[in-house]
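So you know, we letter chains A, B, ... as the sequences are listed, proteins then strands, and number each from 1. Since this is a predicted model, take the numbers as computed values, not measurements.
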Amino acid sequence: MALSIYDSKSAGIRAFEPLTPGKVGIYVCGPTVQSAPHVGHLRSAVAFDIIANWLRVGHGLDVKLVRNVTDIDDKILANAKEQGKDWRELAVEVEAIFNGVYESIGAGVLTRPHATEHIADMVAIIEELINRGHAYQAEGSANVFFDTASWAGYGELTRQKLENMEGEAIGGGRRAAHDFALWKAPKPGEPESASWDSPWGKGRPGWHIECSAMTFAEFGESFDIHGGGLDLRFPHHENELAQSRAAGYSFANFWMHNGLVTVSGQKMSKSLGNGVSVDEFFDQGSPAAVRYWLGSAHYRSTLDYSPNAIADAEAAVSRIQNFMGRNLDVPAGEIPKAFAEAMDADFNVPAALAVLHDAVRAGNSGDSSVAGGVAAMAAVLGIEAEVFEASPELAAKVEALLEERKMARANKDFSRSDMIREELNQLGVTIEDTANGTTWSING
RNA sequence: GGUCGAGUGGCUGAGCGGCCCAAAGCGACAGCCUGCAAAGCUGUAAAACCACGGGUUCAAAUCCCGUCUCGACCUCCA
């Protein structure tokens with residue numbers, strides 16, 4: 001095992017060894033299902049999908065990839081109220097959209113625990129924190145806060161000192177500006193359905209505790225990799241780490257954070273109004289192109305969106321797909337060494353892509369030995385040969401037109417031949433005249 | 001104020017002490033192939049003096065110091 005991974009917590013590259021030989025547990029912070037997904041979510045999903053693939057294919061590990069769904073939170077309640085619907089209904093709707101988008105880009109995940117399924121686990125952790133003196137209940141309310149002053153390790157993930165941090169205004173029973181809510185008393189006007197019983201009174205979980213609870217439920221007291229977007233480092237991951245350690249768990253062995261997506265150098269965000277919706281991305285190119293683009297920069301780098309980015313990616317991924325389409329009969333073979341080295345160096349996908357492109361060019365130049373390797377590499381990156389099945393009617397029609405065109409060409413009636421090509425194009429069919437005759441395919 | 005990144009060709013983007021007169025992709029131009037295309041191959045250019053100025057080293061895009069510019073986070077965020 002020569003895999004090295006950059007660990008955000010130690011701020012350096014470390015050799016990766018699974019906690020349990022042969023197995024890897026990865027927990028990636030998934031969406032809070034409050035509103036539609038944006039490309040940032042896709043980037044994170046694709047990054048960790050590729051990472052999991054490589055752990056499986058390149059290292060033969062049994063990977064359990066968990067991506068949670070936070071389905072209770074302030075914004076879900078607020079947005080549902082605004083839309084005049086039950087918050088649970090909104091959460092289910094939004095989650096369905098997320099799942100659809102993840103699937104369409106080939107980054108679906110099997111294990112998707114929900115925050116609301118783990119309320120009891122969260123209550124248990126909070127009780128443990130109170131018992132250990134790391135949390136306190138506010139006087140006269142159900143609010144429970146984590147006591148940052150009681151935990152010397154607070155700030156270790158992001159290497160910040162408490163006194164340097166800006167904090168929230170003290171109120172609602174919070175003792176210090178940096179203390180964060182573990183359990184929240186319901187606010188006036190919030191639905192009864194969004195409250196659960198607890199030793200401190202009716203309420204709901206604070207933002208970070210759900211992830212701790214779900215990692216414990218899925219993996220136990222420790223697991224290999226905790227992932228998520230760079231913007232989650234603080235406060236979310238810092239707080240997760242603090243409350244988990246303070247409750248007696250060793251928690252994540254590695255912390256991995258993917259870089260953010262920017263537009264013209266600025267972070268894509270709703271408040272800036274520069275967001276490009278997922279639909280807009282899919283309008284610009286195939287899911288494969290969007291996925292390729294998301295992988296075209298190293299996962300830790302900022303990925304800047306420019307207007308022709310998807311079109312460029314489409315052209316690049318088409319080369320690979322075209323090649324694979326011509327070699328469908330070749331089964332996936334051995335992964336080239338250079339590709340493995342790139343992936344082992346903290347998942348250097350851009351460098352791995354270069355190896356893949358080199359192999360495709362070699363294949364196109366007549367080296368028939370590379371096709372199996374191309375298939376294997378493409379599988380790791382999640383690039384499939386795009387083959388669109390034609391209906392029998394369409395196929396028959398195309399075959400008939402091609403036969404006619406063949407005759408026309410034999411008779412040097414090229415204007416007729418070009419007309420047929422244009423007609424096929426109208427049908428969404430692209431043809432290629434090769435040495436072995438004319439091939440055709442359905443356009444994506 | 002604190003913490004952390006980034007600045008490499010027309011664009012995207014690897015490389016992070018010697019294999020770099022810097023990968024790969026996109027775009028441009030030319031040639032080959034083709035009836036013409038498409039796909040593909042080959043080649044070429046744009047001064048890539050690797051933000052700038054110092055330093056360390058036999059050797060620096062890569063390490064150190066300083067400067068400039070840009071970005072992220074500091075309790076909403078993938």
Side-chain angles (χ1 to χ4, degrees), chain A residues 8 11 28-32 34 37-48 67 73-75 78 148 155 157-168 174 177-181 206-208 227-236 238-239 257-262 265-271 292-293 296-298 300-309 311-320 322-323 325-326 338 342 345 348-358 360-361 363-366 409 412-415 417-418 421 425 430-435 438-439 441:
Chain A
S8 304
V28 180
C29 277
T32 298
Q34 41 131 338
H38 60 259
V39 256
H41 295 102
L42 294 187
R43 182 172 195 201
S44 176
V46 168
F48 287 99
R67 183 169 58 218
D73 124 297
D74 291 10
K75 284 205 171 158
T148 47
L157 181 66
T158 49
R159 292 173 290 285
Q160 300 182 94
K161 295 196 170 88
L162 274 174
E163 62 266 28
N164 290 330
M165 291 186 221
E166 298 165 0
E168 255 185 276
R174 183 200 309 272
H178 316 291
D179 292 357
F180 56 92
W207 175 30
H208 321 290
L230 194 57
D231 50 354
L232 292 181
R233 267 166 80 245
F234 194 93
H236 188 52
E238 186 74 75
N239 291 353
H257 291 102
N258 61 273
L260 304 178
V261 180
T262 59
Q266 274 203 311
K267 178 183 166 183
M268 199 175 279
S269 85
K270 281 179 187 156
S271 54
Y292 182 98
W293 175 66
S296 66
H298 182 88
R300 282 193 282 122
S301 301
T302 301
L303 180 62
D304 192 48
Y305 171 76
S306 56
N308 51 352
D312 287 357
E314 188 84 75
V317 78
S318 291
R319 279 174 62 77
I320 298 166
N322 289 343
F323 177 80
R326 284 180 226 114
N348 191 336
V349 173
L353 234 19
V355 178
L356 175 54
H357 272 109
D358 283 342
V360 167
R361 191 178 339 98
N364 281 331
S365 300
R409 293 179 76 208
K412 306 249 186 272
D413 183 357
F414 295 122
S415 63
S417 150
D418 289 347
R421 182 162 65 201
N425 192 33
T430 299
I431 62 171
E432 290 177 26
D433 295 324
T434 74
T438 301
T439 64
S441 58

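- The side chain of A:Ser301 has B:A14 as its nearest neighbour among B:G35, B:A14, B:A39.
- Put simply, the side chain of A:Arg421 and the base of B:C36 share a donor and an acceptor less than 3.5 Å apart.
- For A:Asn164, no side-chain nitrogen or oxygen approaches OP1 or OP2 of B:U3 to under 4.0 Å.
- The two residues A:Leu353 and A:Ser296 have their closest heavy-atom pair at CD2-CA, 4.3 Å.
- Using Watson-Crick or G-U wobble geometry with both donor-acceptor distances under 3.5 Å, B:G5 finds its partner in B:C70.
- A search for side-chain contact (heavy atoms from CB on, under 4.5 Å) contacts involving A:Thr158 returns A:Gln160, A:Arg233, A:Phe234, A:Glu238, not counting sequence neighbours.
- Look at B:C49: it lacks any Watson-Crick or wobble partner with both distances under 3.5 angstrom.
- Using a 4.0 Å heavy-atom distance criterion, A:Val261 is classed as a base contact.
- In the set B:C74, B:A78, B:C41, B:C41 carries the atom at the smallest distance from any side-chain atom of A:Asn364.
- Side-chain atoms of A:Arg409 and A:Asp433, non-hydrogen and from C-beta on, do get closer than 4.5 Å to each other.
- Across all strands shown, A:Ile431 has heavy atoms under 4.0 Å from base atoms, whether or not it also approaches the sugar-phosphate.
- Residue A:Ala309 is out of contact with every strand shown, counting any heavy-atom pair closer than 4.0 Å.
- Under the 3.5 Å distance criterion, with hydrogens and angles disregarded, a donor-acceptor pair is assigned to the side chains of A:Asn364 and A:Arg326.
- When heavy atoms are screened at a 4.0 angstrom cut-off, A:Thr439 is found touching no nucleic acid atom at all.
- Among the protein residues, A:Asn258 comes within range of the nucleic acid bases, having at least one heavy atom under 4.0 Å from a base atom.
- If you check B:A28 for Watson-Crick or wobble pairing at under 3.5 angstrom, you find it paired to B:U44.
- Here B:C76 presents its C1' atom at 13 Å from CZ of A:Phe234, a figure rounded to the nearest Å.
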Which letters describe nucleotides 15-34 of chain B, given B = protein heavy atom under 4.0 Å from base, S = only from sugar-phosphate, - = neither? S-------BSSS--------

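- Note: CZ (A:Arg326) to C1' (B:A39) measures 6 Å, nearest angstrom.
- Across all strands shown, nothing is found opposite B:A38 as a Watson-Crick or G-U wobble partner with both distances under 3.5 Å.
- For B:G35, neither phosphate oxygen OP1 nor OP2 lies less than 4.0 angstrom from any side-chain nitrogen or oxygen of A:Ser417.
- Nucleotide B:A59 is matched to nothing when pairs are restricted to Watson-Crick or G-U wobble geometry with both distances under 3.5 angstrom.
- A:Thr32 has its side chain out of reach of A:Lys75: every pair of non-hydrogen atoms, C-beta onward, lies at least 4.5 Å apart.
- By the 30° and 60° cut-offs, the orientation of the rings of A:His208 relative to A:His236 is tilted.
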Check the pair A:Trp293 / A:Val261 against side chain to side chain contact (heavy atoms under 4.5 Å, CB included), numbers first and verdict last. CA-CA 11 Å; A:Trp293 175 66; A:Val261 180; 4.0 Å; yes

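- Pair check for B:G17 finds none; no Watson-Crick or G-U wobble contact set falls under 3.5 Å.
- Looking at heavy-atom distances under 4.0 Å, A:Leu260 makes contact with a base.
- Nucleic acid contact class of A:Gly259 (heavy atoms, under 4.0 Å, all strands): base.
- A:His41 contributes a side-chain N or O that, together with a main-chain N or O of A:His38, makes up a donor-acceptor pair within less than 3.5 Å.
- Atom P of B:A61 sits at a distance of 10 Å from the matching atom of B:A51, rounded to the whole Å.
- Note on A:Gly40: a base of the nucleic acid sits closer than 4.0 angstrom, heavy atoms only.
- One P atom belongs to B:G1, the other to B:U57, and the distance between them is 35 Å to the nearest Å.
- Which of B:U75, B:U12, B:C73 sits closest to the side chain of A:Asn239 comes down to B:U75.
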